[in-house]
J.: 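Before I ask anything, let me first share the structure, which is written out below as structure tokens.
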Amino acid sequence: MEGSTGEENRSGTNDELTTPKMASERYNPQAAEPRWQAAWSEAGIFRTSNDDPRPRYYVLEMFPYPSGRIHIGHVRNYAMGDVVARFMRAKGYNVLHPMGWDAFGLPAENAAIANQVHPRAWTYDNIATMRGQLQTMGLSLDWSREFATCDEDYYAQQQRLFLDLLGADLAYRKSSKVNWDPVDQTVLANEQVIDGRGWRSGAEVEQRELTQWFFRITAYSDDLLTALETLDRWPAKVRLMQHNWIGRSDGLRIRFALVEPAPSGSDELEVYSTRHDTLFGASFMAVSPDHTLATELAEANSNLAAFIAECRRAGTSAATIETAEKKGFDTGLRVHHPFQDGKQLPVFVANFVLMDYGTGAIFGCPGHDQRDLDFARQYDLPVVPVVLPPDTVEADFAIAGEAYLGEGRMINSAFLNGLTIAEAKETVAQRLEQATMSQAPQGVRQTNYRLRDWGISRQRYWGCPIPVIHCKSDGVVPVPVGDLPVRLPDDVELGRPGNPLDHHPTWKHVACPKCGKPAVRETDTMDTFVDSSWYFARFTAPGASTPTEPETANAWLPVDQYIGGIEHAILHLLYSRFFIRAMRATGHLDVSEPFAGLFTQGMVVHETYRRDDSSWASPAEIRVEEQAGDRRAVEIDTGNEVEIGAVEKMSKSRRNTVDPTDIMDSYGADTARLFMLSDSPPDRDVIWTEDGVAGAHRFVQRIWRMVEEWTVLRADPAPPPDKSASSHTLRKSAHHTLAAVEEGFGSLRFNVAVAKIYELANAIGNGLAERPQDDRSRAAIEEAIGLMIEMMAPVMPHLAEACWRRLGHDDLVATRPWPTVDHSLLVEDTLTLPVQINGKKRGELTIAADASQVEVETAALELDIVRRMLDGQPPKKVVVVPKRIVNVVF
RNA sequence: GCCCCUGUGGCGGAAUUGGUAGACGCGGCAGACUCAAAAUCUGUUGCCUUCACGGGCGUGCUGGUUCGAGUCCGGCCAGGGGCACCA
């Protein structure tokens with residue numbers, strides 16, 4: 001990298017005639033940015049060695065899905081991560097900052113069908129495009145570690161992990177209910193079912209019982225829950241969401257004796273309850289339509305069978321459930337109440353009881369559960385209140401339309417009467433634990449979780465094949481590790497419904513590894529969330545011939561700072577926490593959590609524009625005019641006014657997207673990065689506005705102009721009269737700023753750090769305006785400009801390099817250590833304290849910083865305004881908070 | 001329905017964590033430079049009142065704690081998010 005010309009834009013013939021001396025040429029990011037990117041790349045400074053002795057720091061942004069183009073959200077995400085990476089590198093850490101591609105998934109198959117391209121070609125083409133776009137951002141990434149999850153090498157290791165999980169009983173096959181799209185002949189994830197219909201086919205989704213692969217995430221329910229407390233650098237919100245998702249509840253499993261035995265001969269019905277205190281309020285029992293008792297009774301009862309079939313037909317979508325009435329079918333069976341001799345409760349099959357929670361059966365207490373109450377009203381069952389709210393007279397208390405869920409004392413409950421809910425629960429639990437029924441306790445305390453095992457089977461082509469073989473005689477046989485990877489076939493027919501791997505003519509037919517007889521491969525592929533559950537570990541040793549190099553993974557993990565969208569609060573972040581545990585159990589690493597620090601960034605949102613015909617116009621198609629505070633938007637082509645609508649998340653359907661490459665083409669990457677990081681706190685949504693981008697760009701140009709001006713000024717041999725007296729002040733602001741920016745970057749408060757840099761720029765601008773000529777002032781400005789450049793480098797790395805070079809340095813800012821704060825400059829020798837009278841600010845007091853409290857108090861009472869307001873009377877009290885404030889009370 | 005978060009100028013937001021509310025930016029207004037425009041620079045910009053000095057009000061509303069509250073506590077209102085037949 002030689003010389004300094006080329007950063008300036010010398011376009012226009014006039015420039016050559018004017019004197020170049022004071023005419024500040026505009027900074028030209030289009031010329032400068034690629035050049036500095038090349039310089040960094042040549043110097044290899046972002047390549048991370050695993051053997052570097054410095055302390056390690058791993059910063060990672062959620063890797064992108066290669067959809068085709070980067071969008072503005074990526075720019076925000078990666079700009080934040082890059083500030084952290086560059087800052088921590090300057091602070092002396094060996095920083096790992098890698099990038100890869102979450103490359104399997106259904107969009108590639110859809111694109112393949114629509115455009116007659118192979119999913120692989122489509123995906124890798126997109127990766128190439130997006131890699132190029134990311135590189136124009138000037139991110140300090142170690143590209144040597146790049147991989148895509150659809151790389152054979154990556155999914156081979158993932159298959160190996162699967163086999164290890166299978167061996168550790170953390171992967172298993174079971175039959176379960178899934179969303180089945182009868183037209184596309186595939187399983188759909190819950191998110192892909194919209195209003196009960198398949199998102200692509202529009203067909204009504206059925207609940208179908210299918211044999212699927214699962215990961216046993218529930219083996220870690222308790223650990224996943226309790227370890228949330230250790231994640232003190234995660235947003236409380238995300239921890240709370242995971243807490244609720246895992247959903248621990250402590251209750252009692254209770255066995256009720258059947259009055260007459262079930263068809264199977266069983267003489268009991270087991271339920272689960274967290275409100276066993278309300279046992280005396282029970283008025284019915286209800287089992288799920290999928291409960292074995294329901295199934296066996298239905299064999300001899302066609303009405304019941306019809307009822308069960310009806311329940312199954314009803315969808316499970318949120319909308320369906322919300323409107324669904326509570327329905328039941330009286331089986332005619334009865335149970336004995338455990339505490340009330342002679343009391344019998346009817347057993348219903350009810351549509352609102354879930355099979356996969358607790359035991360699939362409940363006792364209904366209408367007084368204190370809304371669903372039970374709705375049900376009881378429907379079928380005229382008794383409603384007995386057993387919890388009396390505080391300060392309520394029993395005679396006045398009745399349950400009408402709403403169940404009572406609050407605190408209180410027990411009534412109508414024999415030996416429980418007068419107890420609190422907690423006491424009653426304990427008493428009931430103890431009694432039922434001691435009661436014996438068929439030689440076992442009638443009640444057992446049990447902790448339940450809402451969390452379900454993770455179904456990972458997908459009937460799709462573009463994913464990681466599940467490496468097992470089904471053999472008629474040997475059952476499920478794992479593919480031997482030596483035979484991995486199970487490769488995806490290239491020739492695949494995607495147009496027709498169903499699983500492409502299943503109807504491939506030859507792919508699935510193999511010999512059983514055990515007996516050698518003909519067998520078939522598993523044709524399901526893995527959920528793409530599996531791919532993203534361990535990629536951060538792979539980055540630590542991306543070329544390893546095993547999934548990880550355990551020592552290397554242990555040295556780098558957990559990720560020190562992970563940054564991404566809140567939409568993954570549960571899915572990806574919970575799956576990754578499971579995977580770390582599973583990989584630990586199978587010896588691939590030995591850490592307890594994947595991400596020590598998590599930051600969830602806000603979205604980028606934009607105004608919407610709507611034409612008269614209610615079609616949407618994109619920001620590129622309109623021009624916003626502003627007159628006397630009124631804003632109106634006009635379509636450029638037609639001149640028609642369009643309506644300015646709400647600020648919303650950028651989406652294709654609203655057409656309110658902006659293409660980051662357009663911004664970078666016209667303003668440069670530094671402007672885009674600066675705009676993304678200034679103004680809005682990073683965890684909140686940022687509104688994309690033309691004015692905001694232009695403002696950021698103005699700052700970029702202003703910095704460059706300042707540096708230009710300074711290089712001229714400091715070389716000026718004919719000094720104008722020196723008026724500067726502020727060198728000390730400038731040095732102080734520079735070091736104050738440094739301390740604040742350091743704090744801001746360290747705590748990811750980029751907007752505050754940027755504001756502090758602006759303040760310093762203003763101070764330097766004032767300094768330049770004074771045309772400083774004495775050595776001290778010149779040195780102060782030289783120092784302040786240098787510090788400013790080093791501080792802004794994490795945000796605007798290209799501009800920083802250009803300025804640094806312009807000032808005559810020949811090293812790269814990217815390789816410089818973070819400057820050290822001179823703390824002696826942060827100490828003030830005099831302070832200006834606000835003086836309050838009766839809590840209202842009335843004046844100021846300037847006094848030596850080391851003045852004693854008495855001196856401050858005395859000086860405050862001497863102030864004109866204080867004397868005037870006291871008017872001779874003595875103050876009741878004078879509060880002096882050192883270095884903060886004085887408050888005179890009278 | 002349950003749980004959680006957030007309410008500060010025209011706008012995005014800052015506020016040393018209980019101590020000068022409105023840093024910084026955007027927008028507005030006025031001015032300089034220019035034949036003119038763009039670019040740039042300077043000043044100004046919470047609201048009310050006053051010729052001015054000054055004074056009053058002000059962080060969603062309301063009550064409280066405190067010498068002092070944007071910050072802490074209670075009640076309400078509004079907006080946003082998560083979960084949702086989980087017994």
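Keep in mind that this is a model prediction, so the values were computed, not measured. A note on names: the letters A, B, ... follow the listed sequences, proteins ahead of strands, and every chain is numbered from 1.
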J.: From CG of A:Asn838 over to P of B:rC67, roughly how many Å is that when rounded to an integer?
T.: 12 Å
J.: Rounded off to whole Å, could you give me the CG-to-C1' distance for the A:Leu240 and B:rC2 pair?
T.: 12 Å
J.: Verify the neighbour count for atom NE2 of A:His337: are there more than 12 heavy atoms of other residues, nucleotides or ligands below 6.0 Å?
T.: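 Yes, enclosed.
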J.: According to a strict under-4.0 Å criterion, is A:Tyr357 in side-chain N/O contact with OP1 or OP2 of B:rA87?
T.: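 Yes, A:Tyr357 has a side-chain N/O under 4.0 Å of OP1/OP2 on B:rA87.
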J.: Would B:rU17 be called syn or anti, given that syn covers angles within 90° of 0?
T.: syn
J.: Does A:Gly602 offer a backbone N or O that forms a donor-acceptor pair with the side chain of A:Arg76 under 3.5 Å?
T.: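 Between the backbone of A:Gly602 and the side chain of A:Arg76 there is a qualifying donor-acceptor contact (under 3.5 Å).
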J.: If you take atom types as modelled and just measure distance, does the side chain of A:Asp691 reach the base of B:rC26 with a donor-acceptor pair under 3.5 Å?
T.: no
J.: With P as the reference atom in both, quote the distance from B:rA36 to B:rC51 in angstrom, rounded to an integer.
T.: 37 Å
J.: Between B:rA39, B:rC24, B:rG13, which nucleotide has the shortest distance from any of its atoms to the side chain of A:Ala755?
T.: B:rC24
J.: Is the glycosidic torsion of B:rG70 within 90° of 0, making it syn, or is it anti?
T.: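 For B:rG70, whose glycosidic angle is more than 90° from 0, the conformation is anti.
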J.: Check each of A:Leu677, A:Val795, A:Leu748 against A:Met80 using the side-chain contact (heavy atoms from CB on, under 4.5 Å) test, and report the only one that passes.
T.: A:Leu677
J.: Does A:Lys732 come within less than 4.0 Å of A:Glu828, counting only side-chain N to carboxylate O?
T.: yes
J.: Under 4.0 Å, counting only non-hydrogen atoms across every strand here, what does A:Gln701 touch: a base, just sugar-phosphate, or nothing?
T.: nothing
J.: Using a distance-only criterion (donor-acceptor N/O pair, under 3.5 Å, no hydrogens), is the base of B:rU16 paired with the side chain of A:Arg884?
T.: yes
J.: Quick check on B:rC4: is either OP1 or OP2 less than 4.0 Å from any side-chain nitrogen or oxygen of A:Arg239?
T.: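 No, no such contact exists.
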J.: Is A:Lys840 near enough to B:rC57 that one of its side-chain N or O atoms lies under 4.0 angstrom from OP1 or OP2?
T.: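 Yes, within the criterion.
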J.: Across the strands shown, which category fits A:Val881 at heavy-atom distances under 4.0 angstrom: base, sugar-phosphate, nothing?
T.: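 Base, at least one base heavy atom under 4.0 Å.
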J.: Send over the distance from A:Gln370 CD to B:rA84 C1', rounded to a whole Å.
T.: 14 Å
J.: Can you find a side chain N or O atom of A:Lys877 that sits less than 4.0 Å from OP1 or OP2 on B:rC67?
T.: yes
J.: Quick one: A:Lys756 NZ to B:rU16 P, roughly how many Å, whole number?
T.: 10 Å
J.: With a 4.0 Å cutoff (strictly under), does any side-chain N or O of A:Asn762 reach OP1 or OP2 of B:rG25?
T.: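 Answer is yes, contact under 4.0 Å.
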J.: For B:rA21 and B:rU59, measure between their P atoms and round to the nearest Å.
T.: 12 Å
J.: In whole Å, I'd like the distance from the CD1 atom of A:Ile885 to the P atom of B:rG68.
T.: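 So the two atoms are 12 Å apart, to the nearest Å.
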J.: Taking atom P in both B:rC24 and B:rU71, what distance in whole Å separates the two?
T.: 24 Å
J.: Quickly work out the A:Glu709 CD to B:rC41 P distance and round it to whole Å.
T.: 10 Å
J.: Can you tell me the distance, in whole Å, between the CG atom of A:Asn766 and the P atom of B:rU42?
T.: 7 Å
J.: Can you tell me if the side-chain N/O atoms of A:Asn751 get under 4.0 Å from OP1 or OP2 in B:rA14?
T.: yes
J.: When the P atoms of B:rA38 and B:rA32 are considered, how many whole Å apart are they?
T.: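 Their P atoms lie roughly 15 Å apart.
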J.: Can you tell which of A:Phe363, A:Phe307, A:Phe329, A:Phe375 makes a ring pair (Phe, Tyr, Trp, His ring centres under 6.0 Å) with A:Phe348?
T.: A:Phe375
J.: Give A:Arg275 one of three labels, base, sugar-phosphate or nothing, depending on what nucleic acid heavy atoms sit under 4.0 Å from its own.
T.: sugar-phosphate
J.: Does OP1 or OP2 of B:rU40 have a side-chain N or O of A:Arg26 closer than 4.0 Å?
T.: no
J.: Taking the six-membered ring of A:Trp245, is the NZ or CZ of A:Arg450 close enough (under 6.0 Å from the centre) and on axis enough (within 45°)?
T.: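 Yes, A:Arg450 lies over the aromatic ring of A:Trp245.
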